[in-house]
Amino acid sequence: MSCSNPQSEVKDPGADIPERRTKPKNNQCIKCKTAAPVIQIRHALYCRECFVYATSGKFLKWFLSNFKPNDVHPVFYVAVSGGPSSRYLLQLLHTQMSPRKGKGSFIRPGSAEKLVVIYVDQSKVVPGAENLRNHIEDMVKDFPSVEIIEADVSESWKGSQASISAYLSGQPGQPPSATASEPTADLFDSTLSTSSQESHLALLTHHIILREARKHADSLLGKDSTAPLFLGTSATRVTIKLLSSMSRGRGWSVGSGEVQPESTQYGLNVYQPLLNTSSKEIAYYNRFAIPAHSQAVVNRSFTTFSPPKSSIDRLTEELVVSLERGFPSTVSTVARTGNKISFAGETKEGERLCTLCGWPARAKANEWKNGIAITKLAGEEDESNPLADMLCYGCYTNLTDSRARSHVNYALPGWTDEYAEKQKVTESEMRKEIEDCLIDDNDNDNE
Amino acid sequence: MSSVTRNLNVEFGGGLEILFNHQRQIKLVVSAQGRNPTVRDLIKKLADEHINERRELFIEGDTVRPGILVLINDCDWELRDELDGELEDGDVVVFISTLHGG
């Protein structure tokens, strides 16, 4: 007799979600009160002109709350993938880059002398993806002063030190198994789940953006100088990110800056101004306000047009967009909740940063994992893995993906060496920490 | 009962063109017996005759999958009775995917 379990069949997350939308009572634009509406955003109706104006105005309001109208920054950094959100962000930043009319006869100067676009090419690791640099050049050709930095995600390992890589292969002291030119194949190995590969790609891309901006700022403005970096994460995307991060074991660090509108990373002021703008608003704005020749392009991911169950991110996306269809305030509610989450673990003993993602990590990720998951057969001893002392639970889980546990040797990107180095407490720092408890030799002599 | 036909211009964005042989625009004729063709008829025709594979990534039941926006003459279909919205000759119907990477 087969061990069938009819309950185990998992349906698409949004398949049976009932709808609870309200039909608008008015048939006029909520802004001008005269024109016929063409767009419904949540429960509000807009005509085309008012929608474009209101959407730009929302960004301007945010911008002026963070940047003074008369300030001219030497440089703005912006991460651009070529997709709809970053295209929309570019369009909005364009309005701030040139002198423009303020209130009365006041002419506001351009907010930055230069825009530096950072594009991370993923075409070497994502099947079917293309290099989109030409499209991005089309998008920014109207900017008064612009520079494009292109980085390749497969070159994250440049500068990687053998010591860390050797630890990660589980053989301390031995040379790393992967060479610096080909370890991406390990992180994107087909034995890893699509969820793990997606997670690695997002993590690498994020760090490359930060590091390229940091490197550029160091050379342009001087070491350790600060500069604004804009990311085009939309409300829909941050909702998906928030939920999928927690389901992948990243709940501990979720309040550290990933889902917040403003944070400091790598000494840069990182802004995510689109966290209250849904993908629907972005899609409509792009359609109405951006010329056809410089529209957003498709930046393929591992799950582009894949079935919902192909990865955790894709499944979460399906759930979120399904909920949003029936309950149009879902995304804004979850995204706003995410903004309010703050990290509460800084003062606890054993806190450290994950050497891979750089976010706070709880100590002993493997003990936690052994406590909540079946990681060994009966009679086997707990596996000791040096990875666990260096990584957060989310990264540790990704890298020790069950299907690949015994097959893949890992080499981590070069920045992990820096993170590990930074966390070593120097003798002088240790002395400073305990100096109140030390007895001065001179005091003894005097007595 | 006579057949009512509509000549339509259909556009795809946000990566949906991948499902439609990389065509961003197509012209097609939708017809219905004894009534004006609706968006429901158009979606069915697109799914039946213009997608070679992965049909389920465009259609769910008799409507489009969540995450796909529909504009009729640059007007949100939610304001035009969605599936039951009647189509006119020369209408431009746009399908935009808001799903990640396409």
Side-chain angles (χ1 to χ4, degrees), chain A residues 12-15 17 21 23-24 27 36-41 45-46 48 51 81 83-85 122 126 128-129 198 234 236-237 240 278-284 286-288 292 295-308 313-314 317-326 328, chain B residues 9-25 39 43 46-47 50-85 88 91-102:
Chain A
D12 284 357
I17 294 174
R21 280 182 291 177
K23 287 277 178 194
N27 203 23
V38 296
I39 297 159
Q40 181 172 0
I41 300 296
L45 303 178
Y46 296 89
R48 182 170 168 153
F51 170 74
S81 69
S85 296
Q122 302 173 339
V126 178
E198 271 189 332
S234 70
T236 309
R237 188 56 39 199
I240 295 163
S278 69
S279 56
K280 180 177 179 179
E281 289 170 271
I282 291 169
Y284 282 147
N286 288 355
R287 165 95 188 157
F288 293 150
Q295 278 285 346
V297 285
V298 179
N299 190 13
R300 289 188 78 119
S301 70
F302 285 107
T303 53
T304 294
F305 284 110
S306 295
D313 274 3
R314 179 73 188 90
E317 179 179 54
E318 190 72 12
L319 172 68
V320 169
V321 295
S322 302
L323 277 169
E324 181 71 2
R325 173 186 273 189
Chain B
N9 297 301
V10 181
E11 296 179 19
F12 304 104
L16 265 184
E17 61 273 19
I18 294 170
L19 295 180
F20 291 89
N21 288 327
H22 295 273
Q23 300 175 96
R24 284 187 173 277
Q25 297 180 340
V39 180
I43 290 171
L46 285 169
H50 293 270
I51 299 182
N52 295 331
E53 54 185 19
R54 295 183 293 176
R55 181 180 184 272
E56 70 283 359
L57 299 178
F58 177 68
I59 194 166
E60 184 181 89
D62 60 354
T63 187
V64 288
R65 279 200 83 91
I68 296 176
L69 307 176
V70 185
L71 293 166
I72 302 163
N73 298 329
D74 278 345
C75 179
D76 193 345
W77 77 327
E78 291 177 24
L79 304 177
R80 290 191 49 166
D81 297 330
E82 296 192 14
L83 288 171
D84 297 322
E88 301 294 332
D91 275 355
V92 178
V93 184
V94 183
F95 296 89
I96 304 173
S97 170
T98 61
L99 302 177
H100 186 47

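Letters A, B, ... mirror the listed sequences (proteins, then strands); counts begin at 1.
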Please round to the nearest 0.5 Å and tell me the distance separating atom CD1 of A:Ile282 and atom CD1 of B:Ile96.
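Here the rounded value is 12.0 Å.
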To the nearest 0.5 angstrom, please state how far the CD atom of A:Glu318 sits from the CD atom of B:Glu60.
6.5 Å
Looking at A:Ser306, A:Ser279, A:Ser234, A:Ala296, which one has more heavy-atom pairs under 4.5 Å with chain B than the rest?
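So the answer, after comparing A:Ser306, A:Ser279, A:Ser234, A:Ala296, is A:Ser279.
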Quick check on B:Glu17 against chain A: is it the side chain, the backbone, both or neither that has a heavy atom closer than 4.5 Å?
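Interface part for B:Glu17: side chain.
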Part of B:Leu71 within contact of chain A (heavy atom distance under 4.5 Å)
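B:Leu71 touches chain A through side-chain heavy atoms alone.
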Minimum heavy-atom distance [X]-[Y], with the two atoms named:
X        : Y        : answer
A:Pro37  : B:Cys75  : O-SG, 4.3 Å
A:Tyr284 : B:Val70  : OH-O, 4.2 Å
B:Leu99  : A:Arg314 : CD1-NH2, 4.1 Å
B:Thr98  : A:Ala283 : CG2-CB, 4.1 Å

Who wins among B:Leu57, B:Leu69, B:Asp74 for the most heavy-atom pairs under 4.5 Å with chain A?
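If we count pairs closer than 4.5 Å to chain A, B:Asp74 comes out on top.
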Structural part of A:Phe288 lying under 4.5 Å from a heavy atom of chain B:
side chain
So, do B:Arg24 and A:Gln295 sit near enough that their side-chain heavy atoms are less than 4.5 Å apart?
no
Any donor-acceptor pair under 3.5 Å from A:Arg325 side chain to B:Arg65 backbone:
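Side chain of A:Arg325 to backbone of B:Arg65, a donor-acceptor pair under 3.5 Å: yes, one is there.
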Contacts of type side chain to side chain donor-acceptor pair (under 3.5 Å), residue B:Arg80, not counting sequence neighbours
none
